[in-house]
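Notes for the one structure printed next.
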Amino acid sequence: MRTATLGPAQRAESLAAMAERELDVLVVGAGVVGAGTALDAVTRGLSTGLVEARDWASGTSSRSSKLIHGGLRYLEMLDFALVREALKERGLLLERLAPHLVKPVPFLYPLQHKGWERLYAGSGVALYDAMSMARGHGRGLPIHRHLTRSHALRVAPALKKDALVGALQYYDAQMDDARFVATLVRTAVAYGAEAANRARVTGFLREGERVVGARVQDVEGGGEYEVRARQVVNATGVWTDDTQAMVGERGQFHVRASKGVHLVVPRDRISSSTGLILRTEKSVLFVIPWGRHWIVGTTDTDWDLDKAHPAASSADIDYVLEHVNSVLRVPLTRDDVEGVYAGLRPLLAGESDATSKLSREHTVAHPVPGLVVVAGGKYTTYRVMAKDAVDEAVRGLDQRVADCVTEDVPLIGAEGYRALWNARARIAARTGLHVVRVEHLLNRFGAMAEEVLDLVAEDPSLGEPLQFADDYLRAEIVYAASHEGARHLDDVLTRRTRISIETFDRGTRSAREAAELMASVLGWDKDHIEREVQHYEKRVEAERESQRQPDDLTADAARLGAPDIVPL
């Protein structure tokens, strides 16, 4: 079983290794596209490095709608190529590449007009299913079905009777986006890539016009490294233009940021056995099942303020609540909201000023010798973007390089997952954990759940749930620091777990216990634990304050009241 450990020792070794010899490919940015690019490059036999200024997926790739989907609304725009490509990728992820992380999810689309709308929308969903099956990777999902109003209300009793005349139900897929990226990084490392988070590119190395590497600052240790590479790939998402400016090139395209805000509410606040998809005047609104919660979103507005910490304003929250309440029998209130998060979509700037009409397709460019830029796209098609980026980098290498193989490279944890799932009752009996706990671990780690269970075997106290966030075991916190590259409390509560959005206290009551568990791996003393807890509490308060502000400008100012933690 292939595995990789992203602990503190590995990080230091990777930084040193990247500086020791020239790499074939250095990837800058460890969101889903950057992590996917590193995996693509290393599995073609190229020596590969991956650096990330903050944490894996700390930007857009941890703040999405958490859907793996073909993009049903792009059919309406007649963008058949994009939908076809995304449906193929959805099927690959569900069936072959990451069945432990990517799961089917049903959606109900309420119909509000008799006759024509059922024919119109039904034809679109039928085409969606047909395109999926035609790719040979859609047979694992149920096909759509038409529902009468009474049937739809039995499936989703939360809906107002007058909000629909009937409905369609279809299937897409979902995943935990930040966990998916961390798994991508670990998979790349398992195949030989070097990877380091909290490693910021401060400039590019040049020989004449050619980019020959990057200067990388170790944000944790304070040192600086010169990492030389025959090709550098800029995969920095909404920071693409900023990174591009380091080489003095404006680039062949520009990336604009569109803010999407999501709310998280408890599962019992909306009585439904299915997700919902609703039309708004600007876009679509999803109500997505998420364990013991719902994710409700999203907005789609232009954003030109702080990219690291996009803030949700009071107006954003009101917008989402207003639109979802238009169809709910029992409306949601602010008191129902457990968590709020805002993410930025990297959109290729086009002729239209409306961000929802900017391109979701991706572009790859080679603006100067030695530097490849990849931008745009959507989460579902990250593997295609990565392939195209590496194909472009290969054109700059004076050697024969193998074709992309990631279509046949499962992520770590996928191999053996189904066998372990079938044996989950036996695993529960062996470990003394409830079978529901074992299922939770298998759906987060796949076959790597055995490594988490090994920690419990060594220290049975780690088999206890975390106080005030009892969906997660204490062992998962330790594992995040020892195996998944978590360096700070925020990494664990926000990305390795989702405690920051799944509890009404936003994780503040769990913070100290989690920090003490991380300390055993990262060597923190009491003062360091205290700094981590205080920083996290300040971050939560700054986010709460931003969400009380009336607009983007005041919300951004409030959120910036809590700076990123800097190790002493």
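Geometrically, Arg424 engages Trp421 in a cation-pi contact, judged by NZ or CZ lying under 6.0 Å from the ring centre and within 45° of the ring axis. In this structure, Lys259 forms no cation-pi arrangement with Tyr319, as its terminal cationic atom is not both closer than 6.0 Å to the ring centre and no more than 45° off the ring axis.
Between Glu545 and Arg548, at least one side-chain nitrogen of the basic residue sits less than 4.0 Å from a carboxylate oxygen of the acidic one, meeting the salt-bridge criterion. Using a 4.0 Å cut-off between charged nitrogen and carboxylate oxygen, Asp300 and Arg345 count as a salt-bridge pair. Ion pair Asp318/Arg334 flagged as a salt bridge, since at least one NZ, NE, NH1 or NH2 atom sits closer than 4.0 Å to an Asp/Glu carboxylate oxygen.
Of the candidates Asp176, Asp491, Asp55, Asp55 is the only one forming a salt bridge (charged side-chain N to carboxylate O under 4.0 Å, His left out) with Arg496.
Put simply, CG on Leu159 and CG on Leu328 are 7.0 Å apart, with the number rounded to the nearest 0.5 Å.
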*Could you please spell out the steps behind the side-chain contact (heavy atoms from CB on, under 4.5 Å) verdict for Asp552 and Trp303?*
CA-CA 8 Å; Asp552 283 352; Trp303 179 264; 3.5 Å; yes
*salt bridge (Lys or Arg N to Asp or Glu O under 4.0 Å) between Asp564 and Arg539: does it pass, once the steps are laid out?*
CA-CA 8 Å; Asp564 284 339; Arg539 197 212 84 172; over 6 Å; no
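Within the structure, the side chain to side chain donor-acceptor pair (under 3.5 Å) test picks out the following pairs touching residues 262-272 (sequence neighbours left out): Ser65-His262, Arg269-Asp336.
Side-chain atoms of Ser64 and Asp177 form a donor-acceptor pair, as typed in the model, at a separation below 3.5 Å.
With sequence neighbours left out, the side chain to side chain donor-acceptor pair (under 3.5 Å) criterion links Gln112 to no other residue.
The closest side-chain heavy-atom distance from Val181 to Tyr382 is not below 4.5 Å.
For Tyr472 and His440, the ring centers are positioned less than 6.0 Å apart.
The 12-atom threshold is not exceeded at CZ of Arg426, counting heavy atoms of other residues, nucleotides or ligands nearer than 6.0 Å.
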